[in-house]
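A, B, ... follow the sequence lines: proteins, then strands. Residue 1 opens every chain.
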Protein chains: 2
Amino acid sequence: MSAPSNLPGICQTSLMKAMRPKLFKALCDPNRIAIVATLATKSDPSRVSDIAQGCGIDFSGVSRHLKILREAGLLSAVRKGRTVSYQLESEHLVDTLEGLTAALKQCQRQTSKY
Amino acid sequence: MSAPSNLPGICQTSLMKAMRPKLFKALCDPNRIAIVATLATKSDPSRVSDIAQGCGIDFSGVSRHLKILREAGLLSAVRKGRTVSYQLESEHLVDTLEGLTAALKQCQRQTSKY
DNA sequence: TTGATGTTTGCATATCGCTGCAAATATATG
DNA sequence: CATATATTTGCAGCGATATGCAAACATCAA
């Protein structure tokens, strides 16, 4: 039966690598999704206090969310004087998503019946 | 200054829609990621008990994870006799990811300085 | 230095989510 | 019907996470 070899195993491994648990964990909170969506509309970095305006929670909580998103590689932070501004790392996110999509399609191809 | 109009607002809205909180919530558990990666390597639906073999947790927990993934649109389920088999909805996942990528790029374009 | 502003962090609390076990349900078989 | 197998669901325990408040920290301005 034309042995399936261990290609599925390789495929699964590369998918697991592409799935980036940290990314999904960072985006499983609705406030963090809102923050990302908001920052996606800004061409310049936004200050913590400005971002907090949009959310319905305390700025300390927003600061924590921003930290999580930054550690997941989704945001970059810059300090300017007293303020810290965060910006979406759009290309990085796009690259990650495209990598995941490619890995999925690869699996699809290797497991499709013919 | 060639007013930005409310395009950013539209952009943010479409991104929020594309982000699918349910998807990220479904994929923020490591066991669920493993399940998805495993099912991605199968061309046929897999039975709950077989899927549970791979995970290190009780099959009841696996059943719950499968339910969450199914409700997020990531899996489809089919009952055959006493067994229920789950399969990855690969195309749907790919479409969702590509939609999200496209929405992100759209935002990138609209907010880039020129 | 003193005071003001912006952000982060420590702490307590409340809620959420994962898990295992046992019971319930669904289906097949004797 | 009674029994066996496969899956789902109810329940309780428990660790993780989100949140607000207050304190600490960083930076700027008098």
Side-chain angles (χ1 to χ4, degrees), chain A residues 16 19-39 42-89, chain B residues 16 19-39 42-89:
Chain A
M16 284 286 273
M19 298 266 284
R20 312 235 191 187
K22 220 173 185 177
L23 172 75
F24 290 109
K25 240 176 149 40
L27 289 176
C28 70
D29 179 271
N31 279 322
R32 289 199 287 272
I33 289 187
I35 289 173
V36 167
T38 300
L39 292 183
K42 309 288 173 61
S43 55
D44 300 305
S46 305
R47 299 187 304 164
V48 175
S49 47
D50 289 341
I51 298 171
Q53 285 288 108
C55 304
I57 64 174
D58 193 80
F59 56 87
S60 66
V62 174
S63 175
R64 277 181 235 270
H65 284 311
L66 291 170
K67 183 183 183 183
I68 292 171
L69 290 168
R70 177 170 53 76
E71 288 177 342
L74 286 161
L75 306 182
S76 59
V78 177
R79 163 151 242 143
K80 246 182 197 162
R82 288 177 276 204
T83 73
V84 177
S85 294
Y86 286 83
Q87 187 172 32
L88 180 65
E89 287 291 306
Chain B
M16 285 286 272
M19 298 264 286
R20 314 235 191 184
K22 223 174 185 178
L23 172 75
F24 290 109
K25 244 179 148 36
L27 289 176
C28 70
D29 179 89
N31 278 322
R32 287 198 289 271
I33 290 186
I35 289 173
V36 168
T38 300
L39 292 183
K42 308 288 173 61
S43 55
D44 299 306
S46 304
R47 298 188 303 163
V48 176
S49 48
D50 289 341
I51 298 170
Q53 284 289 107
C55 305
I57 63 174
D58 194 81
F59 57 88
S60 66
V62 174
S63 176
R64 276 180 236 270
H65 284 312
L66 292 170
K67 182 182 183 183
I68 292 172
L69 290 167
R70 178 171 51 78
E71 288 176 344
L74 286 161
L75 306 182
S76 58
V78 177
R79 163 151 242 142
K80 246 182 197 161
R82 288 178 275 203
T83 72
V84 178
S85 295
Y86 287 82
Q87 187 172 33
L88 180 65
E89 288 291 306

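Per the geometry, CD1 belonging to A:I57 stands 12 Å off P belonging to D:dC21, to the nearest Å. Atom CZ in B:R64 sits roughly 11 Å away from atom P in D:dC11 (whole-Å rounding). The separation between A:F24 atom CZ and C:dG17 atom P is 18 Å, rounded to whole Å. One interatomic measurement links the two molecules: NZ of B:K25 to P of D:dT17, which rounds to 12 Å at whole-angstrom precision. When rounded to the nearest whole Å, the span between CG of A:D58 and P of C:dG6 equals 14 Å. Rounded to an integer number of Å, the gap from CZ of A:R47 to P of C:dT8 is 13 Å. Atom-to-atom, CG of B:L27 to P of C:dG17 comes out at 15 Å; the value is rounded to the nearest Å. Atom CZ of A:F59 and atom C1' of D:dA24 are 13 Å apart (whole Å).
Residue-level contact check: A:S60 touches the bases, meaning some heavy atom is under 4.0 Å from a base atom. Using a 4.0 Å heavy-atom cutoff across all strands shown, A:G81 reaches sugar-phosphate atoms only and no base atom.
Separating the NZ atom in A:K25 from the CG atom in B:D29 is a distance of 7.0 Å, to the nearest 0.5 Å. Distance CD/B:E89 to CG/B:L69: 12.0 Å, rounded to 0.5 Å. The distance from the CG atom of B:L23 to the SG atom of B:C28 is 10.5 Å, given to the nearest 0.5 Å. Between A:L74 atom CG and A:I68 atom CD1 the span is 11.5 Å, to the nearest 0.5 Å.
In terms of phosphate contacts, A:H65 brings a side-chain nitrogen or oxygen within less than 4.0 Å of OP1 or OP2 of D:dT19. Distances shown here put every side-chain N or O of A:K80 at or beyond 4.0 Å from the OP1 or OP2 atom of C:dG6. OP1 or OP2 of D:dT8 has at least one side-chain nitrogen or oxygen of B:Y86 nearer than 4.0 Å. Between A:K67 and C:dT7 there is no side-chain polar atom (N or O) within less than 4.0 angstrom of OP1 or OP2. Using a 4.0 Å cut-off, some side-chain N or O of A:R32 falls inside it from OP1 or OP2 of D:dA18.
For the residue pair A:S43 and A:Q87, the shortest heavy atom distance occurs at O-NE2, 3.3 Å.
Between C:dT8, C:dC18, D:dT7, one nucleotide has an atom nearer to the side chain of B:D29 than all others, and that is C:dC18. Here the side chain of A:I68 is nearest to one of C:dT8, D:dA18, D:dT7, namely D:dA18. For A:R82, the side-chain atoms get nearest to D:dC28 when compared with the rest of D:dT5, D:dT8, D:dC28. For A:V48, the side-chain atoms get nearest to C:dT8 when compared with the rest of D:dG20, C:dT8, D:dT7.
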